[in-house]
Amino acid sequence: QVQLVESGGGLVQPGGSLRLSCAASGFTSKDNVIGWFRQAPGKEREGVSCIRSSDGSTAYSDSVKGRFSVSKDNIKNTVYLQMNSLKPEDTDVYYCATDLGRFARCDRFYYLQHRYDYWGQGTQVTVSS
């Protein structure tokens, strides 16, 4: 059974940092993509970043480029999203998702949600003073 479990969310002051984790289990594809998305109530879900397991290629949205960094630990089957210089507009529920290797590309279209087959339950990030 495929499972993605996010953790690491919380309340942080503007300018602060958080590291989100996405622990993946239940699939064996050696070449897959984990995407990070975020969504605020009443708004559409937007792509934040992605990372490809086989070569570590990454992509970021313009709104987080230079502040967020995605990484992976293939032994632990965990993907991390390091978020620095957080702003109030980063307040959202953050989700990770996997394509199970169907596309296996972390490219400029990583934000297309139809590429992803399984989603985690999300973790809340609140940036406020």
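Quick note: residue numbers are just sequence positions, from 1.
- At least one donor-acceptor pair closer than 3.5 Å links the side chain of S49 to the backbone N or O of A59.
- Checked by atom type and distance alone, the side chain of T78 pairs as donor or acceptor with a backbone atom of K76 at under 3.5 Å.
- When side chains are defined from C-beta on, P14 does not count as touching K87, because their heavy atoms never get closer than 4.5 Å.
- A distance of 7.0 Å separates SG of C50 from CG of D107, quoted to the nearest 0.5 Å.
- Looking at D92, its side chain does come within 3.5 Å of a backbone N or O of A40 through a donor-acceptor pair.
- Hydrophobic cluster membership is shared by L20 and V127, with clusters built from Ile, Leu, Val, Met, Phe, Trp and Tyr side chains linked at under 4.5 angstrom.
- Between I51 and V33 there is no side-chain heavy-atom pair separated by less than 4.5 Å.
- Of the charged side-chain nitrogens involved, at least one lies within less than 4.0 Å of a carboxylate oxygen, so that D90 and R67 count as a salt-bridged pair.
- In summary, D99 and R105 do not engage in a salt bridge, as defined by a charged side-chain N under 4.0 Å from a carboxylate O.
- A cation-pi arrangement is absent between R38 and Y94 under the rule of less than 6.0 angstrom and at most 45 degrees off the ring axis.
- Between T123 and V93 there is no side-chain heavy-atom pair separated by less than 4.5 Å.
- Under a hydrophobic-cluster definition in which Ile, Leu, Val, Met, Phe, Trp and Tyr are linked whenever side-chain heavy atoms come within less than 4.5 Å, directly or via other members, I34 and V2 are assigned to the same cluster.
- Under the 4.5 Å side-chain criterion, counting only non-hydrogen atoms from C-beta, Y116 is not in contact with C96.
- Here L4 contributes atom CG and D117 contributes atom CG; the two are 10.5 Å apart, rounded to the nearest 0.5 Å.
- Here the straight-line distance linking atom CG of L81 with atom CZ of F68 works out to 6.0 Å at 0.5 Å rounding.
- For R102 and D31, the salt-bridge test fails: no basic side-chain N is under 4.0 Å from an acidic carboxylate O.
- Taking the six-membered ring for Trp and the full ring otherwise, the centers of F37 and W119 sit less than 6.0 Å from each other.
- The side-chain heavy atoms of N32 and F103, taken from C-beta on, include no pair separated by under 4.5 Å.
- Atom OH of Y60 has more than 12 neighbouring heavy atoms from other residues, nucleotides or ligands inside a 6.0 Å radius.
- A cation-pi arrangement is present between R45 and Y95 under the rule of less than 6.0 angstrom and at most 45 degrees off the ring axis.
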Verdict with reasoning, S128 to Q13, per side chain to side chain contact (heavy atoms under 4.5 Å, CB included): CA-CA 5 Å; S128 175; Q13 292 187 342; over 6 Å; no
Side chain to side chain contact (heavy atoms under 4.5 Å, CB included) between L86 and L18, intermediate numbers included: CA-CA 8 Å; L86 283 162; L18 280 176; 4.2 Å; yes
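- Side chains of C22 and W36 form a contact here, defined as non-hydrogen atoms less than 4.5 Å apart.
- A donor-acceptor pair is defined here as one N or O able to donate and one able to accept, closer than 3.5 Å; such a pair exists between the side chain of K72 and the backbone of S53.
- Minimum interatomic distance between S85 and S17 (heavy atoms only, all atoms of both residues): N-OG, 4.4 Å.
- Both V79 and M83 belong to a single network of hydrophobic side chains, linked directly or stepwise wherever heavy atoms of I, L, V, M, F, W or Y lie under 4.5 Å apart.
- Other residues, nucleotides and ligands contribute at most 12 non-hydrogen atoms within 6.0 Å of the CD atom of E44.
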Working for side chain to side chain contact (heavy atoms under 4.5 Å, CB included), residues V12 and T126: CA-CA 6 Å; V12 63; T126 302; over 6 Å; no
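- Between E46 and Y111 the shortest side-chain heavy-atom distance does not fall below 4.5 Å.
- The side-chain heavy atoms of Y80 and V70, taken from C-beta on, include no pair separated by under 4.5 Å.
- Checking side-chain atoms of E6 against main-chain N and O of Q121 turns up a donor-acceptor pair under 3.5 Å.
- For the residue pair S61/S63, the side-chain donor-acceptor check at 3.5 Å is satisfied.
- Taking CD from Q3 and OG from S25, the interatomic distance works out to 5.0 Å, rounded to the nearest 0.5 Å.
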